[in-house]
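In what follows, chains carry the letters A, B, and so on, assigned in the order in which the sequence lines appear, proteins first and then strands, with residues in each chain numbered from 1.
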There are 2 protein chains.
Amino acid sequence: MPDHPPHHATIDDVARHAKVSIATVSRYINRSARVSPGTAARIEAAMTALAYQPTSAAQKLAGGKMNTIGLVVDEISGEFFQPMLRGIQAGASDAGYDLLIYSLRRTNRAGRYALGEKNCDGLVVFADSLPDDELCRLSETSFPVVLLHRSSPSGFNIPCVTIENKRGARDMVDYLIEQRGYRRIAFLRGHEGHEDSAWRETGYKESLAAHGLEYDSRLVGYGGFDEDIAKETVTQWLRRGITMDVIFAADDDSAIGAILAIKHCNRHVPQDIAVVGFDDIRLANYLDPPLTTVRAPIEEVSRTAVEKLVEVMHGHSVPPVTLLPTELRIRQSCGCC
Amino acid sequence: MPDHPPHHATIDDVARHAKVSIATVSRYINRSARVSPGTAARIEAAMTALAYQPTSAAQKLAGGKMNTIGLVVDEISGEFFQPMLRGIQAGASDAGYDLLIYSLRRTNRAGRYALGEKNCDGLVVFADSLPDDELCRLSETSFPVVLLHRSSPSGFNIPCVTIENKRGARDMVDYLIEQRGYRRIAFLRGHEGHEDSAWRETGYKESLAAHGLEYDSRLVGYGGFDEDIAKETVTQWLRRGITMDVIFAADDDSAIGAILAIKHCNRHVPQDIAVVGFDDIRLANYLDPPLTTVRAPIEEVSRTAVEKLVEVMHGHSVPPVTLLPTELRIRQSCGCC
DNA sequence: TTCAATCATGTAAACGCTTACAAAGCATAC
DNA sequence: GTATGCTTTGTAAGCGTTTACATGATTGAA
C-alpha cells in the first residue's frame, strides 16, 4: 500500500467518504441550504473521520468573502497597543472574522500597500497610520473602512470611532480650576498629526476660556506622547524659570516624563507642581505619586470600531462619528489630598 | 459606455493591458523567472495604471503557500503580550509573512480548531495555549510548529524557544544569598502548567541547595502570575507570622502583589522584607521601591521563534531548544542600597 | 390520477492565481 | 545551412472551494 505524502483531506474526500457530492458537503458546512438529517450525519462523520478542515484560501477565492478584517497600525508599541488589540481581536472574533495586522513601519514591498481590497473584507485604520490619499482611494472604491482615533479626511465620510477627547480634557481642566483652584495650567501636546492630541488641546483651551483665564503660549509645549521628550520640555521650562501650578500632559507617558523632570529639579509633585495625564495606562496607578488622569476606554473603543466595521461590511450605514465617554481618575498627583 | 461595478483588476487585465500572457505577468510579479526588460516595463506600467494588486487568496490556493504565520495565544493580556507580539510581527514581516492571530479563549466554532495546516505555513504556539494532543497531531503531520515559552511534549521533537529561566532564577537567588546575605527566601510560583514558572522554581531550589540552605515548603506559595493572588498569599503568610528575608516572585506581577501586601501590613520594602521579581516589565522600574528583577528578553525570544519557524518551513533543521540569556536588574526593592 | 410545487442533491462553471510543459526566437558552433 | 542550446513567452491544467442551474424524488391539490 503506497503511503502518499500526508495529503490533507479536501472537500472531495469528505464527499466521497460520505457518498454525497461536494456541493452538499459545502452546503452542510456553511448551513447555506438544508440537507437531510441522514446526509448531515454521514457528512459530519466523514469530516471527523478525515479530520477535515476547509482551506480558507479556497473559500475566500470561491466565495468572494475573505472573512478577514485588517488592522492597520504604524507601530506595535506603547501602553496603548495592548488594550487596543485586545478590543479589536475580541470584536473580530465575536463577529467570526480573522484578524490580519498590518504594521506599516515595516511595509513589505516597495511602498506598495499590500493591504486592502483584495485581502480583507474591511479595514480598521488606527490614527495616522495611513496617509489621507490612501484612505481616500480606499473610500472611493467603497471599500469598508472604519477609522480609529482619527476623523475622516474632509470631503469624505469614513466612519470613525474614538473617545471624547475634547470633553475629557475639558472635564479635567475644569476640575483643576474649579476644585483645585489652579490658574497657571501648562499643557504638553502630542504628535503633530495626532488628532487625539489636537482635541485634548482644544478642550484645554475651551476650559481656560470658559473660566476667563488667558491662554499663554509659553505654557504649551511639545510632549510628543513620549516620556523622554516630555521630560526634556519640562526641564527646559523649569530652567528658564517658567512657573505653573500644574502640568496637564496630553497622555500618561508624557506625564511620567513631566514628573521625572520635576523630581530631577528637586521640586515636589504635587506640592510644588501638580501633574495630570490622559489615558489611564496601567502604570498610572503605580507611579509616585499615583497619577490623576482621564481614563480612555481604549479596549471598548477598539471593539466598537470593529462592530461598526462589520455593520458597514453588511451594507448597513453607521453614524459618521462615534464617541465613547471618558472618566476622571482622581489620584494624588493633582494635589487632591 | 457601461460603467461596470468597480471590478478590481485581475492578472488578466494586466496581461491584456501589457500585451503579454498572464504567465509572464505572474513571473514578473514573483521574480520567478526572467522577463525581458521591455516586457517588464510594460507590465510594470500596466500594474500601476490599473492599480493592480494580487489577490492573496488566489496566490495561496495556486501556489500552495499561504505566506502566513499563525500565532496561537490563549489570551491577549498581561504586560508580557505586547513585546511578544512586537517581536513576532517583526520577525514575520522581515521574512515576508503575514501574521494571523488565534486567540483561543474565543475559539470560533464548536471546539474545532480553525487554525493550522490549511491556513498558515507555520505556527508559533505560546506556552500552554494549545493542549498537548493537538500539538502532537500537528507535529505528526509534520506541520511546521515552533513553541514559545514551553518545551516539546515528551516523545516529540518540536523546536522550542524560550529564556534561560532556570539560570535566571538561579542567578537571582545566588545574588540574594551571596551579596545580600539573605537566608530565608520565599518563592511565589506561577500557574500550574506554566513551564516558565516551573523552571524558575527549579533554579530557586538549586541555588538553595548549592548554598546549603534547606528547602522549606512553607516558604513557597502560589502567586499565579497575578497581582491579586500574590497579594492574598503574602498577606496570609504575614498574618500567620511566617517570617522571611525576601520574597522571590516568579514574575513581576506577583512581585507587585507581594509589595502591596507587605505595605498593607505596615511593613517596609526592603527594610523589613525585600521583594524581587522576574521579567522586568515596564512597570518594574516605576514601582516604589523600584523592583529588582530578572530581565527576560521577551521581544528577542519571540523574534527568534519566528526565525526558527521560518527555518523549519524552509525544510532546514533547527536545534530542539533555543534559550536566550536573562540578566539581573538590580534596583532598590532587594535592599541593595 | 395528474400536474405543479417543494425539497434534496448533483453537475459544472467560476474564482484569480502558479507552474509544468511546449513553442518560438535567436545566437553560436559545426 | 543545419543542429544545438539558451532565453523568453504562451498554453492550459490545476489549486479547493461556492453557487447557479439542472435533475429527480416526493408531496399535495385538483
Side-chain angles (χ1 to χ4, degrees), chain A residues 4-44 46-47 50-68 98 114 116-121, chain B residues 4-44 46-47 50-68 98 114 116-121:
Chain A
H4 338 221
H7 173 66
H8 288 141
T10 72
I11 199 172
D12 294 277
D13 300 318
V14 175
R16 205 169 312 121
H17 192 285
K19 304 200 192 315
V20 293
S21 72
I22 61 169
T24 304
V25 176
S26 174
R27 284 188 278 252
Y28 173 73
I29 291 173
N30 304 304
R31 309 300 194 248
S32 58
R34 276 193 56 87
V35 305
S36 70
T39 314
R42 290 204 318 282
I43 294 176
E44 185 59 44
M47 295 209 299
L50 301 172
Y52 169 73
Q53 263 207 303
T55 302
S56 66
Q59 290 181 306
K60 291 172 183 184
L61 225 210
K65 61 273 279 55
M66 305 292 128
N67 261 297
T68 300
D98 282 336
E117 37 265 273
K118 306 291 269 309
N119 305 324
C120 311
D121 306 300
Chain B
H4 337 220
H7 175 67
H8 289 141
T10 73
I11 200 174
D12 294 276
D13 300 319
V14 175
R16 207 170 308 123
H17 192 284
K19 303 200 191 314
V20 293
S21 73
I22 61 168
T24 304
V25 176
S26 174
R27 285 189 278 252
Y28 172 73
I29 291 173
N30 303 305
R31 309 303 194 245
S32 59
R34 275 195 56 88
V35 305
S36 70
T39 314
R42 291 206 316 285
I43 294 176
E44 185 60 43
M47 292 208 300
L50 301 172
Y52 170 73
Q53 263 206 304
T55 302
S56 68
Q59 290 180 305
K60 292 173 181 181
L61 227 208
K65 61 272 280 51
M66 305 291 128
N67 261 296
T68 299
D98 283 335
E117 39 263 274
K118 307 291 268 310
N119 304 324
C120 311
D121 305 300

B:T10 side chain to B:D12 main-chain N or O, any donor-acceptor pair under 3.5 Å?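 Confirmed, B:T10 side chain pairs with B:D12 backbone.
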Sort and list the pairs that fulfil salt bridge (Lys or Arg N to Asp or Glu O under 4.0 Å) and have at least one residue in residues 21-36 of chain B, not counting sequence neighbours.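 Applying salt bridge (Lys or Arg N to Asp or Glu O under 4.0 Å) to every pair that reaches into residues 21-36 of chain B, excluding sequence neighbours, yields nothing.
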Selection residues 56-65 of chain A - residue pairs positive for salt bridge (Lys or Arg N to Asp or Glu O under 4.0 Å), sequence neighbours left out: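 For residues 56-65 of chain A: none.
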Considering non-hydrogen atoms only, spot the tightest contact between [X] and [Y] and give its length.
| X | Y | answer |
| --- | --- | --- |
| B:D121 | B:G64 | OD1-O, 4.4 Å |
| B:A9 | B:L50 | CB-O, 3.8 Å |
| A:L61 | B:A57 | N-CB, 4.0 Å |

For A:S32, check side-chain hydrogen bond (donor to acceptor under 3.5 Å, both in side chains) against everything at least two apart and list the hits.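 side-chain hydrogen bond (donor to acceptor under 3.5 Å, both in side chains) list for A:S32, sorted by chain: empty.
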Please confirm whether the shortest side-chain N or O distance from A:T55 to OP1 or OP2 of D:dG16 is below 4.0 Å.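 False: A:T55 side-chain N/O out of range (4.0 Å or more) of D:dG16 OP1/OP2.
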Establish, with yes or no, whether the OP1 or OP2 oxygen of D:dT18 is under 4.0 angstrom from a side-chain nitrogen or oxygen of A:S26.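 So the side-chain polar atoms of A:S26 do come within 4.0 Å of the phosphate oxygens OP1 or OP2 of D:dT18, strictly under.
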Tell me the interatomic distance from [X], atom [atom1], to [N], atom [atom2], rounded to whole angstroms.
| X | N | atom1 | atom2 | result |
| --- | --- | --- | --- | --- |
| B:I11 | D:dG10 | CD1 | C1' | 13 Å |
| A:R31 | D:dT19 | CZ | P | 15 Å |
| A:Y52 | D:dG16 | OH | P | 10 Å |
| B:D12 | D:dT11 | CG | C1' | 13 Å |
| A:D13 | D:dG16 | CG | P | 9 Å |
| A:I22 | C:dC15 | CD1 | P | 16 Å |
| B:L50 | C:dG16 | CG | P | 14 Å |
| A:R16 | C:dT11 | CZ | P | 13 Å |

Residues within residues 33-42 of chain B bordering DNA chain D, heavy-atom distance below 4.0 Å: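 Under 4.0 Å from DNA chain D: B:R34, B:V35, B:S36, B:T39.
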Using a strict heavy-atom distance below 4.0 Å, which residues from residues 58-65 of chain A are in contact with DNA chain C?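 Of all residues in residues 58-65 of chain A, the ones placing a heavy atom under 4.0 Å from DNA chain C are A:L61, A:A62.
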Side-chain donor-acceptor pairs of residues 14-23 of chain B under 3.5 Å, sequence neighbours excluded:
| residue | atom | partner | partner atom | Å |
| --- | --- | --- | --- | --- |
| B:R16 | NH1 | B:D13 | OD1 | 3.3 |
| B:S21 | OG | B:A23 | N | 3.4 |
| B:S21 | OG | B:T24 | N | 3.4 |
| B:S21 | OG | B:T24 | OG1 | 3.3 |

Which protein N or O atoms sit under 3.5 Å from an N or O of nucleotides 20-25 of chain D?
none

Residues that A:A40 engages under side-chain contact (heavy atoms from CB on, under 4.5 Å), provided they are two or more places apart: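 For A:A40, the residues satisfying side-chain contact (heavy atoms from CB on, under 4.5 Å) (neighbours in sequence not counted) are A:Y28, A:V35.
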Let me check the geometry of the helix from C:dT1-D:dA30 to C:dC30-D:dG1. What is the bend angle between the axes at its two ends, five pairs each, to 10°?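 Here the helix ends are tilted 50° relative to one another.
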